[in-house]
2 protein chains.
Amino acid sequence: MSYRPTAKTRARQKAQHESLLKTAVSIVARDGFCGLTISRLAREAGIATGTVYKYFDSKAHLCAEVFRRATEREVEIVRATSFPEDAVSCRQRLTDAVTIFAERAILGGRLAYALIAEPVDPAVEQERLIYRKAYADIFEQLIKEGIKTKEFPSQSPQVSAAALVGILAEVLVAPLGRNEGIKDHKQLISPIRQFCLRAIALYETA
Amino acid sequence: MSYRPTAKTRARQKAQHESLLKTAVSIVARDGFCGLTISRLAREAGIATGTVYKYFDSKAHLCAEVFRRATEREVEIVRATSFPEDAVSCRQRLTDAVTIFAERAILGGRLAYALIAEPVDPAVEQERLIYRKAYADIFEQLIKEGIKTKEFPSQSPQVSAAALVGILAEVLVAPLGRNEGIKDHKQLISPIRQFCLRAIALYETA
DNA sequence: TAAAGAAGTGAACCATGATTCACATCTATT
DNA sequence: AATAGATGTGAATCATGGTTCACTTCTTTA
C-alpha cells in the first residue's frame, strides 16, 4: 500500500517536538508554569491545540519535559564545576559550585524561580524532586571526597548535601518570591558562600 | 423592630468559625491542602456548602486561615525555645531551636509536609512565605545576639537565618516527599544539628 | 405570636483549562 | 493518480471545584 513513516518524517516529528519544547520553555521563562497552557503554547507555536497532543501525551508530560530540559543544562554546569578536569581542592570546588549555582539562579530570573520554587502541580513537583536530587548527589559525592582527603570534617554527606540544596533554594528564593531581580549579587552570594563553607568545610572566612 | 446580632449570637458565630477551622485543619493533616475542598469541609462539618461562605469569604481566605492556625503554635514553640526565660547561651538555644523544629516536623507527619512543602495555590504560598519569614526572624534575632556576644563569628544574620530555614525544610522534606514517616529520628536530627552549628557557630562537634 | 433579619440550604452556575474527535489535509508509496 | 496512513484542525466536551442565590428555617425582639 503506502506511506510508512521513515527518516524524513521522523526528523520532522522530532524537529516539531523540539520546537514546541523550546517555545514552552520560553513561556515558562516569561510567566512561569502557571502561564503555560496548551492553548497558549499552540497559539505561540502557530498550530492548533489538538496538534500539541500529537507530540505530548498530556499537560503533565509536557511540563515534566519542560522541567527536565530547562534543568539539564544547569545541573550539568554545576557538575562540571564540582568535578573539573584539572586537580582542584575540594574546598575550592565547593566554593565554585555554590557560587555558580547562585549566580545562575540570580541571573536566571523568572525561569530560576519556576524551577526552584514556583508552586506547581504534583506531576511537575515530582520532577522537581528529581532535579534537587541531582544537585544533592553532586554535592554528596564532593563532600564524601572532601571527607576522605580530610579537607572536610566528619559529617553525614547525605544530610549535608540536602542541606546545601535547601540553603541555595531558600536564600535565593526569598527575594525572587517578592520583587523581580536582585541588585547586590555579591552582597548576597558572598555570605551564602561563607555560610556553606563554614558548614561543610569548617572554613574560617574573613 | 427585632433581632440584632449580639453576645450569644456572636459567640455562636465564633464557635462555628472555630469548629470549621478545626475541621479544615484536620482534613489538611490527613490529606494535605489538595484534599481540602469546600464541599468536603461542609460534608465533614455536617453543613451545606453555601454555609461555609457565611464564615469564610473564599477558599483562599479559608486556606490562609488554616495555614495561619496550624502554624502559629509551631512558630511560638520555636520562639519560646529561642528566647527562654532563664539565661542560656546562644549556642545552646540555637541547638534547642533546631532540634525542636526538626522533632516536631518529623512527628507532625502529613501536616508538617503540607505546611513546609506541599505544592499549593499562590494565595497559600503567600502565607507560607510569611510563615518561613517568622522562623527566619527568630533565627535572625538569635544570630545577631550570638554575634554580639562573640559566640558566633561575624556573618550576615539575614542570610544565615534564611539558610537555616532552607536547611530544615529541605532535609526534613526530602523524606516526607516520598514515603510516610521517618524511622531514625536521631540518625537524622543529629547531623542536621551539627551542620547548623558548624555553619552558624563554627562549633566543632564530636 | 408576629416580624425582621440572621443563618442554613444545596442545586445551579460559572470559570478554567485540559482533552477529545470527527473531519480535512498532507505525504509517501504503488 | 489513487490511496493508506500520518498529521493538523479547533470547536465541542469534560472535569473539577469554587461561588452564588432564591429560598427555607431559625432566633430574637417587640
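Side-chain atoms are counted along with the backbone in the values below, which use heavy atoms only and exclude waters and symmetry mates. Letters go in sequence order (proteins before strands), and every chain restarts at 1.
- Partners of A:E44 by salt bridge (charged side-chain N to carboxylate O under 4.0 Å, His left out), not counting sequence neighbours, listed by chain and number: A:R30, A:R40.
- A search for ring-ring contact (aromatic ring centres under 6.0 Å, His included) contacts involving B:H17 returns B:F56, not counting sequence neighbours.
- One end of the helix from C:dT1-D:dA30 to C:dT30-D:dA1 points its axis 10° away from the other end's axis, with each axis taken from 5 pairs and the angle rounded to 10°.
- Every side-chain hydrogen bond (donor to acceptor under 3.5 Å, both in side chains) that B:T99 has, sequence neighbours left out, goes to B:R193.
- With sequence neighbours left out, the side-chain hydrogen bond (donor to acceptor under 3.5 Å, both in side chains) criterion links B:E76 to B:R79.
- Partners of B:Q158 under the side chain to side chain contact (heavy atoms under 4.5 Å, CB included) rule, at least two apart in sequence or in another chain, are B:E140, B:S156.
- Put simply, CZ on B:R43 is 13 Å from P on C:dG10, counting in whole angstrom units.
- For DNA chain D, none of the residues of residues 23-32 of chain B falls under the heavy-atom distance limit of 4.0 Å.
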Passes side chain to side chain contact (heavy atoms under 4.5 Å, CB included), A:S89 versus A:E151? Steps please.
-> CA-CA 8 Å; A:S89 74; A:E151 284 183 83; 3.4 Å; yes

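- Between B:L41 atom CG and C:dG8 atom C1' there is a gap of 15 Å when expressed in whole angstrom units.
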Heavy-atom protein contacts under 4.0 Å, nucleotides 8-19 of chain D, coded B base, S sugar-phosphate only, - none = BBBB------SB

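- Looking at residues two or more places apart in sequence or on another chain, you find a ring-ring contact (aromatic ring centres under 6.0 Å, His included) between B:F101 and B:Y135.
- The salt bridge (charged side-chain N to carboxylate O under 4.0 Å, His left out) search around A:R12 returns none, not counting sequence neighbours.
- Listed by first and then second residue, the salt bridge (Lys or Arg N to Asp or Glu O under 4.0 Å) pairs involving residues 94-104 of chain A are A:E74-A:R104 (not counting sequence neighbours).
- Take A:Y55 and apply the ring-ring contact (aromatic ring centres under 6.0 Å, His included) test, not counting sequence neighbours, and it matches no residue.
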